[in-house]
Amino acid sequence: SQELEQSPQSLIVQEGKNLTINCTSSKTLYGLYWYKQKYGEGLIFLMMLQKGGEEKSHEKITAKLDEKKQQSSLHITASQPSHAGIYLCGADAGKTSYDKVIFGPGTSLSVIP
Amino acid sequence: DTGVSQNPRHKITKRGQNVTFRCDPISEHNRLYWYRQTLGQGPEFLTYFQNEAQLEKSRLLSDRFSAERPKGSFSTLEIQRTEQGDSAMYLCASSPRSGRSPLHFGNGTRLTVT
């Protein structure tokens with residue numbers, strides 16, 4: 001079965017610094033999703049990637065899917081305290097399986113003002 | 001679009017009691033999912049429905065767990081004879097159609113079994 005790994009497990013950065021979170025899959029990623037979660041709350045959808053080499057941006061957050069479609073990265077530019085939270089990558093369970101999304105363990109981000 | 005709604009937000013129960021959670025998906029979404037999340041972990045898939053049909057159940061879903069989605073609208077997740085290991089955040093999500101699209105999550109129900 002497919003598994004997702006995330007690195008780093010946690011991250012503490014000074015406000016204004018850039019940072020990158022990685023998500024690696026044991027199998028090809030056909031649909032890759034990035035979510036953000038505040039403690040005790042639900043997941044907020046950020047971006048979806050499908051094609052090898054695809055890159056999407058929203059405000060100061062950029063997500064990329066590598067050409068081989070086994071790794072994705074989430075990059076935050078000029079971090080702000082509002083970026084703090086847990087970032088989770090999720091992936092469709094299979095190439096033609098739109099049935100469920102599996103998730104990585106998450107990366108906890110703290111931004112120090 | 002009022003979002004996915006889950007009730008209650010918090011539930012504290014004694015071991016051995018039964019609990020039921022409710023999820024109201026986004027109205028036009030025909031797929032509904034239940035996940036369980038423990039501290040420091042990502043959500044784990046439990047089950048999902050397309051309309052009223054329950055299409056898949058995880059092995060995590062023991063016989064004490066049952067989920068329903070009557071008439072393809074809201075869904076309930078019941079846990080019978082709760083155990084301390086059931087303590088977790090139970091998340092509901094919905095999606096609009098078949099095919100590849102992101103899940104929209106509710107704020108979850110946090111269950112504490114004492």
Side-chain angles (χ1 to χ4, degrees), chain A residues 1-10 21 23-25 28-51 54 56 58 63 65 69 72 85-109, chain B residues 1 3-10 21 23-26 29-50 53-61 88-112:
Chain A
S1 62
Q2 187 172 25
E3 291 186 357
L4 298 177
E5 296 180 352
Q6 288 187 236
S7 62
Q9 183 176 357
S10 64
I21 298 169
C23 174
T24 303
S25 172
T28 302
L29 294 163
Y30 293 104
L32 188 284
Y33 308 89
W34 282 101
Y35 287 85
K36 179 184 176 183
Q37 185 178 32
K38 291 281 192 181
Y39 179 75
E41 298 181 6
L43 281 66
I44 299 169
F45 170 70
L46 296 175
M47 279 171 277
M48 178 175 78
L49 303 167
Q50 299 184 69
K51 301 176 183 178
E54 187 175 7
K56 288 187 177 179
H58 177 66
L65 183 61
K69 296 173 64 174
S72 178
I86 300 168
Y87 289 83
L88 294 144
C89 64
D92 289 321
K95 181 178 183 179
T96 57
S97 169
Y98 304 139
D99 298 337
K100 63 179 181 249
V101 174
I102 61 168
F103 287 90
T107 295
S108 177
L109 171 64
Chain B
D1 181 354
V4 178
S5 177
Q6 290 189 247
N7 288 289
R9 287 295 311 276
H10 304 274
F21 311 141
C23 172
D24 288 90
I26 294 171
H29 288 187
N30 63 355
R31 290 200 165 199
L32 186 149
Y33 302 77
W34 286 99
Y35 284 81
R36 181 171 68 187
Q37 186 179 28
T38 53
L39 197 63
Q41 301 296 319
E44 295 176 297
F45 170 78
L46 293 179
T47 188
Y48 90 98
F49 295 83
Q50 178 156 312
Q54 188 173 18
L55 297 186
E56 186 174 348
K57 291 172 60 173
S58 164
R59 285 171 291 178
L60 292 173
L61 219 61
M89 173 78 89
Y90 290 84
L91 293 162
C92 176
S94 66
S95 69
R97 56 179 172 85
S98 298
R100 218 178 298 285
S101 58
L103 305 184
H104 299 256
F105 282 84
N107 277 328
T109 294
R110 179 166 296 283
L111 173 66
T112 302

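Proteins come first, then strands; the chains are lettered A, B, ... in the order of their sequence lines, and each starts at number 1. Values in this document were obtained by computation on a predicted structure and should not be read as measured data.
For Q37(B), the part sitting under 4.5 Å from any heavy atom of chain A is the side chain, from C-beta outward, and nothing else. Both the backbone and the side chain of L103(B) come within contact range of chain A, each with at least one heavy atom under 4.5 Å from a heavy atom of that chain. Using a 4.5 Å cut-off between heavy atoms, Q37(A) touches chain B through its side chain atoms alone.
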Could you go through residues 39-50 of chain A and list every donor-acceptor pair under 3.5 Å that involves a side-chain atom there, pairing it with any protein atom two or more places apart or in another chain?
{"unit_1": "Q50(A)", "atom_1": "OE1", "unit_2": "R100(B)", "atom_2": "NE", "d": "3.4"}

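Residues of residues 102-109 of chain A that come within less than 4.5 angstrom of chain B, heavy atom to heavy atom, are F103(A), G104(A), P105(A) in numerical order.
The greatest number of non-hydrogen atom pairs below 4.5 Å with chain B, out of L4(A), V101(A), I86(A), is found for V101(A).
For the pair K100(A) and F45(B), the distance from NZ or CZ to the six-membered ring centre is under 6.0 Å and the angle to the ring normal is within 45 degrees.
Taking each heavy atom of L88(A) and P43(B) in turn, the nearest pair found is CD2-CD, 4.1 Å.
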